[in-house]
Undergrad: 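Below you'll find the structure I mean.
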Amino acid sequence: MAVAVIVLAAGQGTRMNSDLPKVLHHLGAAPLIAHALAAATAIEPARVVVVAGHEAEEVRQAVALFCPEAEVVIQAEQLGTGHAVATALPRLDGFEGRVLVLYGDTPFIRAETLRDMVAARADVVVLGFEAAEPGRYGRLVTSRAGLERIVEFKDATPEERAITLCNSGVICADAAVLARLVAGLTNANAAGEYYLTDIIAAARAEGLSAAVVTCAEAETMGINTRAELARAEALFQARARAEALDNGVTLTAPDTVFFALDTWIGRDAVIGPNVVFGPGVTIESGAEVRAFCHLEGCHISRGATVGPFARLRPGAELAEDVHVGNFVEIKNSILDEGVKVGHLTYLGDAHVGERTNIGAGTVTCNYDGVMKHHTEIGADAFIGSDTMLVAPVRVGAGALTGSGSVITADVPAGAVALGRARQENKPGLAAKLMERLRAEKARRAGGKA
Ligand code: UD1
Ligand code: CA
């Protein structure tokens, strides 16, 4: 059955105390809304509509990045969840099928739960949960016939407030039914808002059926404050670690490894302690990342080893059996099979051919203060320690650079390039020099007394 998803994300999130709209705060190195969109896209919806309001342009950019197929509509004034859905529905004009309404600030909803909602046999389906502390959640009023209505906390009687079955906010109904019910909403309630939740009572009054699908409370956790965001981050990391272990990844010290929403690690990879994954990291089976590495936007192939203390930045691509050692930073560079970069090196905007060895302290001087330039190093080359490669520059296959060289011109294949001052030895000078320095020290000390 065709499904369309509406993601509500217009609220400012006042309690975040932030200039940034709530749904753009990060969880697992991705904006909150990316999590809801990931669950939504996992069920392969025909359409996705995001309702934005506060800082809509920024929200639109994030949505374009994480879910390019989604449309964004603007709800200029936040008049309630029912009004937000009404703002989105014109974009679904002509769509026939189920519509799922999600919140952009609820990151842990699983795709399986959404599938259960779509599969449930009732005209309107609500995702509920048994709340440990029901607090201000809307309460689900049920009878033998199923779900009767949802009452918001503000409008609830003491008896209704005693109900622990709560509304997660996720709702599913046929597009035409939803459009008709939403069109009939009013704002005659304690908050003066158009409550989406009122469609349940309206559906029942029409003789339609309503049902509750339940899920674990943790799945429906919404983020309203920085404290909740911090708790959500801990929960996200705990799940990501457990998932990695389940997938056959070795984590030496799981509690010290931090994942991003899109981190992908193959079976039998080994991740040491204190490793941080930013967005866009993929690691093939059998690769090893040693302690204290920071990785983002990079790919590590089978058999490669990275770290300890390495930093891989966006565009770092390590082919099979590459070795990157301590205090090495790599940005926007491709390292072909078997390349070794053992120590204290910066490679930026470079391509290094197969089996080449990069000596300690090598730097690609890729930035001239205005533009970035490329460094090309061929296969089987040997870059001597402390070589400065002033880009744009090319070092040919099998070439060698002398330690301490500043390479400003291309090096032909097979050549040795020496770009350093010639050494001069002064026989016997060392003792004389020391004598002169000691005398100078004594003179200064005497002057002070
Ligand atoms: C809502 C539900 C409540 C449920 C709770 C779960 C209603 C009336 N109440 O209450 O039953 O228990 O969620 O968390 O639906 N939004 C818009 N436009 C608006 C208003 C809201 O896009 O005009 C978005 C918000 O950005 C947010 C979501 O809808 O992502 C929920 O809105 P919020 O104001 O937080 O609803 P609650 O009062 O928490
Ligand atoms: Ca809320």
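Remember, it's 1-based here, ligands and their atoms both numbered in the order they're listed. The first residue in the sequence is number 1, and the count goes up from there. All of these numbers come straight from a predicted model, not from anything done at the bench.
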Undergrad: Are side-chain N/O atoms of Thr164 and Glu130 paired as donor and acceptor at under 3.5 Å?
TA: yes
Undergrad: Between Val23 and ligand 1, which residue portion shows a heavy-atom distance shorter than 4.0 Å: side chain, backbone, both, or neither?
TA: neither
Undergrad: Could you check which of Glu193, Glu152, Lys22 puts a non-hydrogen atom nearest to atom 11 (O) of ligand 1?
TA: Glu152
Undergrad: Hey, is ligand 1 close enough to Ile150 that some N/O pair sits below 3.5 Å?
TA: no
Undergrad: What I want to know is whether Gly104 and ligand 1 share at least one N or O pair that is separated by under 3.5 angstrom.
TA: no
Undergrad: Among all residues two or more places apart in sequence or in another chain, which pass the salt bridge (charged side-chain N to carboxylate O under 4.0 Å, His left out) test with Asp174?
TA: Arg98
Undergrad: Could you work out, for atom 18 (N) of ligand 1, the closest of Lys154, Arg139, Gln75, Arg15 by heavy-atom distance?
TA: Gln75
Undergrad: Less than 4.0 Å is my threshold; does some heavy atom of His83 fall inside it relative to ligand 1?
TA: no
Undergrad: Mark up the atoms of ligand 1 that fall under 4.0 Å of a heavy atom belonging to Asp105, in ascending order.
TA: 27 (C), 30 (O)
Undergrad: Pick one of side chain, backbone, both or neither for how Arg136 approaches ligand 1, counting any non-hydrogen atom pair under 4.0 Å.
TA: neither
Undergrad: Mind checking the CZ-CG spacing from Phe258 to Leu295? Nearest 0.5 Å is all I need.
TA: 14.0 Å
Undergrad: Report yes if Ala10 has an N/O atom closer than 3.5 Å to an N/O atom of ligand 1; otherwise report no.
TA: yes
Undergrad: Report yes or no: is the cationic atom of Arg311 (NZ for Lys, CZ for Arg) closer than 6.0 Å to the six-membered ring centre of Phe327, at no more than 45° off its axis?
TA: no
Undergrad: So is Gly11 polar-close to ligand 1, meaning N/O to N/O under 3.5 Å?
TA: yes
Undergrad: Within a distance under 4.0 Å of any heavy atom of Leu79, pick out the atoms of ligand 1 and give their elements.
TA: 23 (O)
Undergrad: Short list, please: which atoms of ligand 1 are under 4.0 Å from a heavy atom of Ala84?
TA: 17 (C), 18 (N), 22 (O)
Undergrad: On a heavy-atom basis, I'd like to know which of Tyr103, Phe153, Tyr194, Tyr195 is closest to atom 31 (C) of ligand 1.
TA: Tyr103
Undergrad: Find the distance between CD (Glu228) and CG (Leu27) and round it off to the nearest 0.5 Å.
TA: 12.5 Å
Undergrad: Just checking, any donor-acceptor pair under 3.5 angstrom between side chains of Thr401 and Thr387?
TA: yes
Undergrad: Please list, in number order, the atoms of ligand 1 under 4.0 Å from a heavy atom of Gly138.
TA: 3 (C), 4 (C), 11 (O), 12 (O)
Undergrad: Side chain, backbone, both or neither: which part of Ser168 comes within less than 4.0 Å of ligand 1 when only heavy atoms are counted?
TA: backbone
Undergrad: Would Thr81 count as being in polar contact with ligand 1, using the rule that some N or O on each side must be under 3.5 angstrom apart?
TA: yes
Undergrad: Could you check whether atom CZ of Arg302 has more than 12 heavy atoms from other residues, nucleotides or ligands sitting under 6.0 Å from it?
TA: no
Undergrad: What distance separates Leu32 CG from Asp105 CG, expressed to the nearest 0.5 Å?
TA: 7.0 Å
Undergrad: So is Gly80 in contact with ligand 1, going by heavy-atom distances below 4.0 Å?
TA: yes
Undergrad: Establish, for the pair Arg139 and Phe153, whether the NZ or CZ atom is under 6.0 angstrom from the six-membered ring centre and no further than 45 degrees off its axis.
TA: no
Undergrad: When you compare ligand 1 with Tyr137, is there at least one nitrogen or oxygen pair between them that comes in under 3.5 angstrom?
TA: no
Undergrad: With under 30° as parallel and over 60° as perpendicular, where do the rings of His35 and Phe236 fit, or are they tilted in between?
TA: perpendicular
Undergrad: Less than 3.5 Å apart, which donor and acceptor atoms pair up between the side chains of residues 69-76 and the rest of the protein, not counting sequence neighbours?
TA:
residue	atom	partner	partner atom	Å
Glu71	OE1	Arg91	NH1	2.8
Gln75	NE2	His83	ND1	2.8

